[in-house]
Amino acid sequence: MRGGQPLVEVVRLGLVSYQEALRLQQVYVNRHRSGPAHALLLCEHPPVYTTGIRHKPYPEPLLDQLRLLGADVARANRGGLITFHGPGQLVCYPVLNLCSFKKSVRWYVDQLEQTVIALCSRFAIRATTSPHTGVWVGDNKICAIGIHCGRYITSHGLALNCCTDLSWFDHIVPCGIEGKGVTSLSAELRRHASVEEVVPHLLHAFTQQFNCQLTEAAQDGGESLTPVTSAGTSALTNLKDN
């Protein structure tokens, strides 16, 4: 806690396998045993289809078909149904103790949705919620959300399509929702929007929505107390000027 606001460590993992991300999330979940140790894990994954706990096991022949596409297949203990993760998608795993924020899972999911909506607005994209979890642009989902929360410690999180190859979604019913599509920031902007470009805007929106301060994790595993919110503000200013 700094200045009355929770302190959240930003950990940039880069491109990591889904299984490695699961392992690292558990490492950060375990850190909360000795007190609040909020973290925001940012990464991209090689192509992988993941299924959540709200779905009966996928038939193995269908999973084999997905594997033939060159993607991995994994089952996770998050909420939600089947989705895709891959390069060009900004994946954010907040590992937070909600006791430092608000002890409400519904509130937490709402805050994640509003964070992405605020991010999209910075790109002049009108995004909304719907009866289905996630963030939408019209009838197309731009960001999937699936979380796990045990003893008010969160894991899993959100996956925002930046410059994702959307053809990967053609082989599934994303999140189990019939008659809906998917989109990306690049598709909506009609230009390339990289993960690197989008990250500062996500961080800025996150600090505003969760009323917290961010610090950058040191590369050697220690903690750097350099605030990262100023970088998000600078990037936002540049975007508005263009």
Side-chain angles (χ1 to χ4, degrees), residues 1-14 21 24-25 28-29 31-32 36-44 78 85 89-125 127-129 133-136 142-149 152-162 184-185 193-217 223-240:
M1 191 80 70
R2 183 192 292 175
Q5 294 178 310
L7 193 61
V8 181
E9 181 182 13
V10 178
V11 183
R12 302 172 190 262
L13 301 176
L24 289 170
Q25 285 179 75
Y28 280 87
V29 166
R31 289 174 58 184
H32 282 276
H38 312 299
L40 202 60
L41 311 184
L42 304 178
C43 66
E44 295 177 69
R78 59 163 174 79
H85 299 306
Q89 185 184 73
L90 172 53
V91 181
C92 174
Y93 297 125
V95 184
L96 311 176
N97 186 335
L98 294 184
C99 295
S100 298
F101 297 88
K102 183 174 182 179
K103 294 169 69 173
S104 167
V105 174
R106 182 66 256 176
W107 172 87
Y108 173 63
V109 173
D110 287 344
Q111 295 307 104
L112 290 180
E113 291 175 336
Q114 292 304 316
T115 294
V116 176
I117 289 172
L119 180 156
C120 289
S121 72
R122 294 182 172 90
F123 289 89
I125 296 172
T128 62
T129 59
T133 302
V135 178
W136 301 75
I142 197 168
C143 180
I145 293 176
I147 69 139
H148 176 80
C149 189
Y152 293 110
I153 309 298
T154 68
S155 57
H156 296 284
L158 63 86
L160 173 65
N161 296 326
C162 297
S184 67
L185 290 172
S194 69
V195 169
E196 292 75 15
E197 177 188 355
V198 175
V199 164
H201 303 285
L202 175 70
L203 297 180
H204 182 84
F206 188 89
T207 60
Q208 298 297 304
Q209 209 61 45
F210 283 85
N211 189 29
C212 65
Q213 295 188 48
L214 303 181
T215 64
E216 195 77 43
E223 182 179 354
S224 167
L225 295 182
T226 304
V228 296
T229 51
S230 59
T233 303
S234 174
L236 175 58
T237 301
N238 292 337
L239 179 64
K240 286 182 175 178

Visitor: Please examine the side chains of Ser104 and Leu98, heavy atoms only from C-beta on, and report whether any two atoms are closer than 4.5 Å.
Guide: no
Visitor: Are the side chain of Glu113 and the backbone N or O of Gly134 linked by a donor-acceptor pair below 3.5 Å?
Guide: yes
Visitor: Testing the basics here: between Pro94 and Thr154, what is the closest heavy-atom pair and its distance to 0.1 Å?
Guide: O-OG1, 2.8 Å
Visitor: For the pair Phe210 and Trp107, name the ring-plane relationship: parallel under 30°, tilted 30 to 60°, perpendicular over 60°.
Guide: perpendicular
Visitor: First locate atom CG of Leu203, then atom SG of Cys92, and finally report the distance between them rounded to the nearest 0.5 Å.
Guide: 8.0 Å
Visitor: State, yes or no, whether a side-chain contact exists between His204 and Arg122 at a heavy-atom distance under 4.5 Å.
Guide: yes
Visitor: State, without any angle test, whether Gln114 and Gln209 hold a side-chain donor-acceptor pair at a distance under 3.5 Å.
Guide: no
Visitor: Do the non-hydrogen side-chain atoms of His85 and Glu44 ever get within less than 4.5 Å of each other?
Guide: no
Visitor: Between atom NE2 of His32 and atom CG of Leu96, what is the distance when rounded to the nearest 0.5 Å?
Guide: 6.5 Å
Visitor: Taking atom CG of Leu41 and atom OG of Ser155, what is their separation to the nearest 0.5 Å?
Guide: 10.0 Å
Visitor: Give the intermediate values and the outcome of side-chain contact (heavy atoms from CB on, under 4.5 Å) for residues Leu160 and Leu119.
Guide: CA-CA 10 Å; Leu160 173 65; Leu119 180 156; 4.0 Å; yes
Visitor: Using the rule side-chain contact (heavy atoms from CB on, under 4.5 Å), only one of Val199, Ile142, Val195 pairs with Cys162; which is it?
Guide: Val195
Visitor: Report the residue from Asn161, Leu202, Leu185, Val116 that forms a side-chain contact (heavy atoms from CB on, under 4.5 Å) with Leu90.
Guide: Leu202
Visitor: So do Gln111 and Phe101 actually touch side chain to side chain, heavy atoms under 4.5 Å?
Guide: no
Visitor: Determine the minimum heavy-atom distance between Pro6 and Ser100, stating which atoms define it.
Guide: CG-O, 3.5 Å
Visitor: Which heavy-atom pair separates Ala118 from Ser121 by the least distance, and what is that distance?
Guide: O-OG, 2.6 Å
Visitor: When you measure from the side chain of His38 to the backbone of Leu7, do you find a donor-acceptor pair of N or O atoms at a distance under 3.5 Å?
Guide: no
Visitor: So, taking the atom named CD1 in Ile147 and the one named CG in Leu158, what distance separates them when rounded to the nearest 0.5 Å?
Guide: 11.0 Å
Visitor: Minimum heavy-atom separation for Glu9 to Ala217, with atom names?
Guide: OE2-CB, 3.2 Å
Visitor: State, with a plain yes or no, whether a side-chain heavy atom of Arg31 is found less than 4.5 Å away from one of Val95.
Guide: no
Visitor: Just how far is it from atom CG of Leu112 to atom CD1 of Ile117, taken to the nearest 0.5 Å?
Guide: 11.0 Å
Visitor: Could you tell me if the side chain of Leu13 sits less than 4.5 Å from the side chain of Tyr93, heavy atoms only?
Guide: no
Visitor: Once rounded to the nearest 0.5 Å, what's the spacing between atom CD of Gln89 and atom SG of Cys143?
Guide: 8.0 Å
Visitor: Could you tell me which non-hydrogen atom of Ile145 sits nearest to which non-hydrogen atom of Thr133, and how far apart they are?
Guide: O-CG2, 3.7 Å
